[in-house]
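Notes for the one structure printed next.
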Amino acid sequence: MILVADSGSSKTDWLLATPQQETQQFRTSGLNPYFLTEKEIAKILRDQVPELIAQGSEITEIYFFGAGCSSPDRHEIVSNALSQYFPKAFISVDSDLYGSAYATCGHDKGICCVLGTGSNISFFDGEEIHAGKHGLGFVLGDEGSGTWFGKALVTGFLYGNMPDDINAKFEKTYHLTREDVIKNVYQKPGGNSYLAAFSKFLTEIRTTEYAQTLLKDGFQEFIDTNIKSYPEYHKYKCHFVGSISHVFADELKAQCEANGIRVGKIIRQPIHDLLDFMLEKSA
């Protein structure tokens, strides 16, 4: 049996392909090794997907694609945690950029963008990923991501820069205080996910000028900082993966078109396309 995982900082989607051609789907919290230790990842698996772990001895191959899995030492953290429950499996751990590229580009050349809790970008030459100088995380980067928009909303509220009606709605929804924000961002783990959760508020005020301006600014910053860093970006399709790109696809497409960017696939979750690709590749 082959198990494929697509992991962001907020959640991890799992698909298990069985010999009977049936597919089992599971979900856990995000398993980002930049924020979690091997022990913490193992605990999440044990507590959240016991029905998957029960089939551990039957699983022969695991392909894990995750945020934060861009270096060998981070690969090892995830691999060691998985090997505790899947002792007979060949385990491959790689960056979520590869997972997104396989799910969108397939075997073709293209630019693959991740706009979820965080943001990232890479050029895929049909076989290999050519990562840029991006993916700096929520403190230094994550332009156009859920974290970026959440941070903009929270700071707009705390600085008193929101329109009065939106400010009142935000306050009623979250009952937020400066002390709450400081504690959750600077003193607790998962500050990126905490901030990203506020981006959901944009769906409630989506038609307002305030929200539209914020979306335009966030996507333009991603385009300027990330996509336009590739001199020949106009020659290839730009594919997008993640909840932000999916939910706000209309605004994203409009901003891309205004910048002469050819939009390819926009998918919320790459997991199904990713499993199909890995099954084809391992056949």
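Start at 1 with the first residue, then count along the sequence.
Sorted pairs that involve residues 84-98 and meet salt bridge (charged side-chain N to carboxylate O under 4.0 Å, His left out), not counting sequence neighbours, are lacking altogether. Evaluation of the salt bridge (charged side-chain N to carboxylate O under 4.0 Å, His left out) test over residues 41-64, restricted to residues two or more places apart or in two chains, returns K43-D47.
Although no hydrogens or angles enter the test, the distance criterion places a donor-acceptor pair under 3.5 Å between the side chain of T173 and the main chain of K169. A donor-acceptor contact shorter than 3.5 Å links the side chain of D125 to the backbone of E128. Here the side chain of T147 pairs a donor or acceptor atom with the backbone of N192 at under 3.5 angstrom. Judged by distance alone, with hydrogens and angles left aside, the side-chain atoms of S119 form a donor-acceptor pair with the main-chain N or O of E143 at under 3.5 Å. At least one donor-acceptor pair under 3.5 Å links the side chain of S7 to the backbone N or O of L31. No donor-acceptor pair under 3.5 Å is formed between the side chain of K151 and the backbone N or O of A196. Judged by distance alone, the side chain of Y85 and the main-chain N or O of A42 form a donor-acceptor pair under 3.5 Å. Using modelled atom types, no side-chain atom of H239 and backbone atom of C113 make a donor-acceptor pair closer than 3.5 Å. When atom types are taken as modelled, the side chain of T18 and the backbone of E22 share a donor-acceptor pair closer than 3.5 angstrom. Checking side-chain atoms of S83 against main-chain N and O of N80 turns up a donor-acceptor pair under 3.5 Å.
A 4.5 Å side-chain heavy-atom check between D6 and T12 finds every atom pair outside the cut-off.
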For residues 242-258, please give each side-chain donor-acceptor pair under 3.5 Å, one per line with the distance, not counting sequence neighbours.
unit_1	atom_1	unit_2	atom_2	d
S245	OG	G242	O	2.9
E251	OE1	R206	NH2	2.8
E251	OE2	R206	NE	2.9
E251	OE2	Q212	NE2	3.0
Q255	NE2	Q220	OE1	2.7

What donor-acceptor contacts under 3.5 angstrom involve side-chain atoms of residues 177-185, with partners at least two apart or in another chain?
unit_1	atom_1	unit_2	atom_2	d
T177	OG1	D180	N	3.1
T177	OG1	D180	OD1	3.4
T177	OG1	D180	OD2	2.9
D180	OD2	T177	N	3.4
N184	ND2	D180	O	2.8

Hey, mind stepping through I271 and W14 against side chain to side chain contact (heavy atoms under 4.5 Å, CB included) and telling me if it holds?
CA-CA 7 Å; I271 188 67; W14 305 77; over 6 Å; no
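Considering all non-hydrogen atoms of both residues, P33 and G68 come closest at CG-O, 3.4 Å. In this structure, A89 and I59 approach most closely via the heavy-atom pair CB-O, 3.4 Å. Between I166 and Y210 the shortest heavy-atom distance is CD1-CB, 3.5 Å. Nearest heavy-atom pair, E38 versus I77, reported as atom, atom and distance to 0.1 Å: N-CG2, 3.6 Å.
Remark: D108 pairs with no residue by the side chain to side chain contact (heavy atoms under 4.5 Å, CB included) rule, at least two apart or across chains.
Applying the 4.5 Å side-chain rule to ILVMFWY residues, one finds I267 in the same cluster as V241.
When each of I121, N259, I261 is tested with Y233 by the rule side chain to side chain contact (heavy atoms under 4.5 Å, CB included), just one qualifies, namely I261.
Of the charged side-chain nitrogens involved, at least one lies within less than 4.0 Å of a carboxylate oxygen, so that R27 and D13 count as a salt-bridged pair.
Aromatic ring centroids of F170 and F157 lie under 6.0 Å apart. Side-chain rings of H130 and F124 stay apart, their centers remaining 6.0 Å or farther from each other. Between Y98 and F64, a ring centre-to-centre spacing not shorter than 6.0 Å is recorded.
More than 12 heavy atoms of other residues, nucleotides or ligands shown are found within 6.0 angstrom of NZ on K228.
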